Each structure stands twice: as structure tokens, then as C-alpha cells.
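Some notes on the structure that comes next.
Protein chains get the first letters and strands the later ones, always in sequence-line order, with residue 1 at the start of each. Just so it is clear, the structure is predicted and the values come from calculations on it, not from any experiment.
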There are 2 protein chains.
Amino acid sequence: MAEISRQADAVHRTRTPLSRQRVLSAAVALADEGGVDALSMRKLAQELGVVPMALYKHVAHKNELLDGMIDVLVGEIDPPVADTDWKTAVRLRVLSARRMLLRHPWASGIIEARMKARAAPTPAVLAYLDSMIGIFRAGGFSVGLVHHAMHVMGSRLLGFSQELFDDAPGREPDPDAPPPEEMAARYPHIAELASAVAHDAGSVVGSGCDDQYEFEFALDLTLDGLARLLP
Amino acid sequence: MAEISRQADAVHRTRTPLSRQRVLSAAVALADEGGVDALSMRKLAQELGVVPMALYKHVAHKNELLDGMIDVLVGEIDPPVADTDWKTAVRLRVLSARRMLLRHPWASGIIEARMKARAAPTPAVLAYLDSMIGIFRAGGFSVGLVHHAMHVMGSRLLGFSQELFDDAPGREPDPDAPPPEEMAARYPHIAELASAVAHDAGSVVGSGCDDQYEFEFALDLTLDGLARLLP
DNA sequence: ACCTGAACACCGTTCAAGT
DNA sequence: ACCTGAACACCGTTCAAGT
């Protein structure tokens, strides 16, 4: 059913000419639908009712497509709120970035992949970082201190949650995983923590973690730590 | 030349029978050499002087290969130091994890990819986390507090530096990047920070960032923040 | 029963042929 | 000059044929 309407869309879109903006929007939509693995030049072209090579008129190669997508996403982050202290301004903006990231769960993957390829930040990311540095500077941070602050915040500035593992529910239990009692014997501290958190959560099924709460907890601990460095 | 000795290795290894351990070691070595992009089932088989399908006797599929590699890497992290306070113990272990990560720069990529695929942590990672939780518990953290602590530490527990972009030197300047003066006009706060850091670094060419210093700065700020939560 | 070559269904991108 | 189909060099994995 989704298949049929997508086909119709593709046929319809054949009329309107391709543009970089339309290519990027379609790429974001495609990744939103099926994850970043579902995003290939060939599938994107099909979605747009166009031959694969036609895309190369608007993006030089796939990496440039990914760059453009990142800029689209960073453009979705709210601008800084004026007339507040630095801590509130940073906090609100980071939480806005996090909402963007939750809307596009695949985004952190391509941003990190880009970073690991040692590519320079995209213009939109540079503008975002520049604005963030500006907030710290206006809040009284020296240049040296804001440098450390940017490193401390790291990818959390863009709303990354930097979990070590995803404990969200909905994971199908591994059929050949050891039984719970054996797990508890082998990893007693994890078991203690997991049972306490599960009990604590009450109605929440599966993982008892409130990811939003934990994110804000870590963010506030970090911001408070930075505030303590101010003269 | 490296090509020739690798070929000789491959021929020699044909004699000794394949084992899961040998497959994993060769995979780690291959990734160390050429990055994770250079690691394919086909190239790995060639390196081992074996037909690609022979690998599937020892790993069910590529994801299981990656899992095995992660366990090899986590096994390289030093065991916890006994007879110290929790903060020192955590600090030393995280710094050991970071040294492992610096030896294998591709490791964070596959660990994060695994996490994003919502796969359960590997046994070695579970054991590592269990041991870390144990250190916090012995240090007087309640179950609830250690839960928050694990979220706050996040992937930094494994030595991840969670930078937003890699400012290391050695990046070839983008030929169609805007000239420095235009960059400075467009991103004034980044320019101010960059010039101050570069001046500060003295002899260091390119990026003036001391990544190790910044990592420890962020780690200590986090640990101090956690210490302040203890009763 | 074990091993393995060919084949399948993809991928990003090049390039030459068609308009 | 523009557009595009076929082709190239890969990839992980299936499967049937060979020993």
C-alpha cells in the first residue's frame, strides 16, 4: 500500500524537474522510512522517478549527498534563545538538537561516519558550532575555557546521547542467549542494576530507562561542571 | 613490498588449519592495516590463503565476525586496579580503554554501528560493564546512582572521545573551501578560538589540540561531578 | 559429509554511445 | 551539449555441484 503510493509519487514527480533541494529532501525522507541502509543512489533515483545517473547532476557523489542531508538536519535545530543566561541557552539548544536527532535516528550515524572519515565539518555544522561558542563567550567564558568546554560537550552539543549500549525495549531476545539466571550469575552487578531499574519504572515494559531523563541528567551534570570553572 | 610479504604470509598460513581465533586475529590485523573499509570477507579470506566460503565455518556471518573482533579488543583493556578509591580505579581503566581505542582507530566505529543496530552487547562488553558497575558500587554509589553514572559516562567508559569533529592535522585542505579570511568573517567565534589554540600550542603544527589532555579534562570533570553526588 | 566454485542480488561510479 | 544505458569492480551470502 505504501508501495503503491510511493510509485504514484515517483510517477508524479517525474514532471517536476530535479533540484538539489528535492534530491536532499527525498534522501532524508527515504532514510526516515527505511534507515540509512535503505538509502542507496539507485533506490533514491527510483523514488524520484529518475535514472540513477541523473542524481550526479546535483550531487558529485554519495558523500556529498550525505553532507547535504546533514545540513538539512542541522537547519532543523532551533536558533538560540536570546535574553537568557548561557546555561539555559546552551541547554535549550542542545535539547532542540536532540529532538531533531530523535526525529531522524539515522542522523547520528552519518554524522559520526563523516567525522571518522576526517572530513571537514559541513557549513551548517560550522555555523552551529560558531553560534554555540558565541553563547559561551557571551556568558563569560575565556577563549581557553570555551575550548575545553567544546571538547567536554563534544557530540552532546548536537544532541548525541553517547550511550554505550541501547537498552531500549523491542529487541527480540537472542534465541541462543544464556538464560536469565545464568546471566545474573555471570554479571551480578548488571543484574542488580537492571532489576532495580525495572522495578523502579513501574508500568514501563522492558527497559525501565527514561532516556530523556538520563540525557538531561548527564547534560546538567556537564553544564554544572563547566559553570564551576567560571571565575 | 608489503604486498609481497603479505602474499608469502598467506601461502604459509595455508598449512596451519583455520580457527575462529586465527580468523579474528587476521581480521583485527587487516582492519589495523587498512581501516574497517578494507575489511571484507573476501579480502580476509585472501589474506588467510583460503576460499571466502571457508570463513563461514568459523563465523556465521560478517556481523558475528565483527562481534568477535570487539571481544578481542575489549580483552586488551587492563583489568581493574585493586586497592584504590573508585575514582582512580575508573579513571585508570577508562584511560586503558582509550589506549586500546587509539591502537585500533576503527574500533569505535564498529562498536557504535553494532549499538545502533540495537544488538545486545557482546559477552566481553557485558563483563567490562559489570566490572565497572562493581567499582562504583564498592565506592559507595547506590544502585540508582550508579545507573545514572553509567548513563553519564556512556561510551566514554570505553574510551570514546565523542568529539564533534576531528581537528587533527593531516587533513588535506579542501580545494574549493572558502579562503581563511572569508571563513573568519563567517565564523568569527571559531576563528578566535582556533587562532588562540594554535598560538597556545607553540611547536605543534596544524591543530593545537592536545587530544589526550582534552579527554582527561572531560573525564575528570565528569568524575568530579559524579563524586559530588555521593552522600 | 565436507568443501567450494559459480551464481545471485545488490552497491557506487565510469564511460561511451545515443540524442 | 546533454542525457543515459551498459558495464566495471566490488560486496555478503546462497546453493548446488564436486569430492
For [X] and [N], give me the distance from atom [atom1] to atom [atom2], rounded to whole Å.
X	N	atom1	atom2	answer
M41(B)	dC11(C)	CE	P	20 Å
H61(A)	dG12(C)	NE2	P	13 Å
L55(A)	dC2(D)	CG	C1'	16 Å
L18(A)	dT4(D)	CG	C1'	14 Å
R42(B)	dG5(C)	CZ	C1'	11 Å
N63(A)	dG12(C)	CG	P	11 Å
K62(A)	dC11(C)	NZ	P	9 Å
Q46(B)	dC11(D)	CD	P	9 Å

Query raised in the report: Starting at the 5' end of DNA chain D, which residue's closest nucleotide do you reach first, K43(B) or A54(A)?
Result: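 Its nearest nucleotide lies further toward 5', so the answer is A54(A).
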Report task. Could you check which of dT4(D), dG12(D), dG12(C) has an atom nearest any side-chain atom of Y56(A)? Result ->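 Nearest nucleotide to the side chain: dG12(C).
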Are the side chain of [X] and the backbone of [Y] linked by a donor-acceptor contact shorter than 3.5 Å?
X	Y	result
T222(B)	A218(B)	yes
Y128(A)	L157(A)	yes
S96(B)	D78(B)	yes

**Report entry** Complementary nucleotide for dT19(D) - Watson-Crick or wobble, under 3.5 Å
**Finding:**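 For dT19(D), the partner nucleotide comes out as dA1(C), under the 3.5 Å rule.
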Query - Complementary nucleotide of dT14(D), counting Watson-Crick and G-U pairs under 3.5 Å - result: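 Paired with dA6(C).
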Query raised in the report: With F217(B), which of H147(A), H148(A), H151(A) fulfils ring-ring contact (aromatic ring centres under 6.0 Å, His included)?
Result: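 Testing F217(B) for a ring-ring contact (aromatic ring centres under 6.0 Å, His included) against H147(A), H148(A), H151(A) leaves exactly one candidate, H148(A).
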Query raised in the report: Which heavy-atom pair separates R93(A) from S131(A) by the least distance, and what is that distance?
Result: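 Of all heavy-atom pairs spanning R93(A) and S131(A), the closest is NH1-OG, 2.8 Å.
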Report task. For dC3(C), take OP1 and OP2 only and decide whether either is under 4.0 Å from a side-chain N or O of K57(B). Result ->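 Answer yes for this pair, as a side-chain N or O of K57(B) is under 4.0 Å from OP1 or OP2.
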**Report entry** Sugar-phosphate, base or nothing in reach of M53(A), heavy atoms under 4.0 Å
**Finding:**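 Touches a base.
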